Amino acid sequence: MHGRRGAELLEELRKTKWLPPYSESGIRQIAAEIKELLEPFLEIITAHRASLQNDPRYISGVVVFYRSVQRNKRCALAYLMNRLRRIVAFRWLFGQAAPARLDQNLSGAERQFLLKYNALLGEYCDAVGLDLTADQSPPRDLYVEVRVIADCGDILTEAGPVALKPGTAHFLKRTDVEHLIRQGSLQHIL
Amino acid sequence: MGSTNNDDQPRFSFGSMALTEEPGRGPLAIDSHLSHLDPDQLGGQLNETLDKLRTVAVNEYFCPEILPFETETIQAMSSEVKQQTELVEEEEDESVDALSFESQLKRMEIDRINYLLRHYYRMRIKKIEGSVLFIFKDLNTFELLSKHEQNFATGYMDLVEEHFKKSFLSMLPKKVQVLDKDGNVDHATGPNLHKFVFCKVKNSVGSYAVGEEAGDETLDLNQGDILCIRYKSIQQLLMKGDVDLI
């Protein structure tokens, strides 16, 4: 049946919350199927042009083949676009640490996309003058109490560098540690 | 390190503005801290800009399409914030007790205003990313973006196209490589103008046509009315400023 591989790829995406590994083979199969479908289509158009006017068999053949081609194209592009959107969402959530976490599930092209997107976003933030990935929910307190879950090394605060060792608790400025809380390395103690 | 709690000062939670009083110290302690801040100085004009920014940010958040970029409001607010930040930093440099109550209040306010600004920019970026292809098809929408946003949109569009080409379209024969119509469905889908939104009427408009076709249904729109209605019906009013989204 035409378009089955396309549907399978999209199912795979639908079932995963974040990002399944990039299916290079799936995309290639769809492209191959499109090429396969184009052959009878082109044959009808060139060889049987005259019959196209009146013979419903040829007309419906043309329609079926071309629509299948379009459907496959649509599925493949939807797969790619959806992955791009998830990658971008991931980037907004985890900041510059995103590539490391996602790396094994990305294709080469997607890695390049992420790098260039980082640059583009950075450029825009500079132009606007504000870091847009900070403060994604309204700020409640100036200082927050946090417990360290994963080792984050040292961070530089106004009062000097603070070593964030696992298991310790600190009372720090929200702006300094917000990105670490989002990534999950620190836990906000309410 | 980093403690705001000296033994002789009450502790505040800025979010809820709850004041816990220690024995012998009541609101008087706060009064003495604030007494030299002149209420008249605290800018009536600043409040106006802030209100406008809040309205603009909320409108952008609930609106399905991209609204015109509010250059004046944003610029006015940004420069205010910059001034205020410089003032606060100067004060902190001068006084030894950098964590004084006023300094914290001011910093909190700056943070909150920055949050609003960021929220506005973020919303627009998300909308741009969501409908890149459409933006380049429909020139009106492109005009509504600020210069920086236009650069961002162009850059993003290039990235997406390049990615599609590399990952998939290059494997196809030339004739099918174009990104355009796909049967009856356009690749470039615009915003959903039929989404339902809540809105509040700012200026009375009287009888207004809200149906799908002209002359279908009319509603009486008076100031203070709150409606839940299809976005398309009030689109013109929103542009004119007669309604606000809530």
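Per chain, numbering begins at 1; letters A, B, ... match sequence-line order. Please read these numbers as outputs of a predicted model, since none were measured by experiment.
Heavy atoms closer than 4.5 Å to chain B are found in the side chain of A:Leu84, but not in its backbone. For a residue to count as touching a neighbouring chain, one of its non-hydrogen atoms must lie under 4.5 Å from one of that chain's; by this rule A:Leu38 touches chain B with the side chain only. Only the side chain of B:Lys126 comes within less than 4.5 Å of a heavy atom of chain A; its backbone N, CA, C and O stay farther away. Heavy atoms of B:Leu116 lying under 4.5 Å from chain A are absent altogether. Both the backbone and the side chain of A:Ala134 come within less than 4.5 Å of a heavy atom in chain B. Of the atoms belonging to A:Glu24, it is side-chain heavy atoms, and not backbone ones, that fall under 4.5 Å from chain B. For A:Arg174, the part lying under 4.5 angstrom from a heavy atom of chain B is the side chain only. A:Tyr66 does not touch chain B: none of its heavy atoms, backbone or side chain, sits under 4.5 Å away. Both the backbone and the side chain of A:Leu120 come within contact range of chain B, judged by heavy atoms closer than 4.5 Å. Heavy-atom distances place both the backbone and the side chain of A:Lys116 under 4.5 Å from chain B.
The candidate from A:Met81, A:His170, A:Glu123, A:Arg28 with the greatest count of non-hydrogen atom pairs under 4.5 Å with chain B is A:Met81. Chosen from B:Arg122, B:Glu162, B:Glu129, B:Met171, the residue pairing most often with chain A at heavy-atom distances under 4.5 Å is B:Arg122. In terms of heavy-atom pairs under 4.5 angstrom with chain B, the leader among A:Ala31, A:Gly129, A:Ala32, A:Ser107 is A:Ala31. Ranked by heavy-atom pairs under 4.5 Å with chain A, the first of B:Lys147, B:Glu149, B:Lys82, B:His119 is B:Glu149. Contacts with chain B were tallied for A:Cys125, A:Ala76, A:Ala127, A:Pro138; A:Pro138 has the most, counting heavy-atom pairs under 4.5 Å. With chain B as partner, the option from A:Ile30, A:Leu121, A:Asp131, A:Thr133 having the largest number of non-hydrogen pairs under 4.5 angstrom is A:Asp131.
With rounding to the nearest 0.5 Å, the separation of CG in B:Leu159 from CD in A:Gln112 is 10.0 Å. A:Tyr124 contributes atom OH, which lies 5.0 Å from atom OG of B:Ser146 (distance to the nearest 0.5 angstrom). To the nearest 0.5 Å, atoms NZ (B:Lys165) and CG (A:Leu80) are separated by 13.5 Å. Between the CG atom in A:Leu142 and the NZ atom in B:Lys106 there is a gap of 14.0 Å [rounded to 0.5 Å].
The number of heavy-atom neighbours closer than 6.0 Å to CD of A:Glu11, taken from other residues, nucleotides and ligands shown, is above 12. A 6.0 Å sphere centred on OH of B:Tyr61 holds no more than 12 heavy atoms belonging to other residues, nucleotides or ligands.
Side chain of B:Arg118 to main chain of A:Gln136: no donor-acceptor pair is present (N/O by atom type, distance under 3.5 Å, no hydrogens or angles).
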| request: Starting from the C-alpha separation in whole Å, work towards a yes-or-no answer on side chain to side chain contact (heavy atoms under 4.5 Å, CB included) for A:Val128 and B:Phe152. | output: CA-CA 11 Å; A:Val128 154; B:Phe152 179 84; over 6 Å; no

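Ring geometry, A:Phe113 versus B:His163: the interplanar angle falls from 30° to 60°, so the pair is classed tilted.
Counting all heavy atoms, side chain and backbone alike, A:Lys35 lies closest to B:Pro173 at CG-CD, 4.0 Å. Across all their heavy atoms, A:Lys73 and B:Leu169 have their closest contact at CE-CD2, 4.4 Å.
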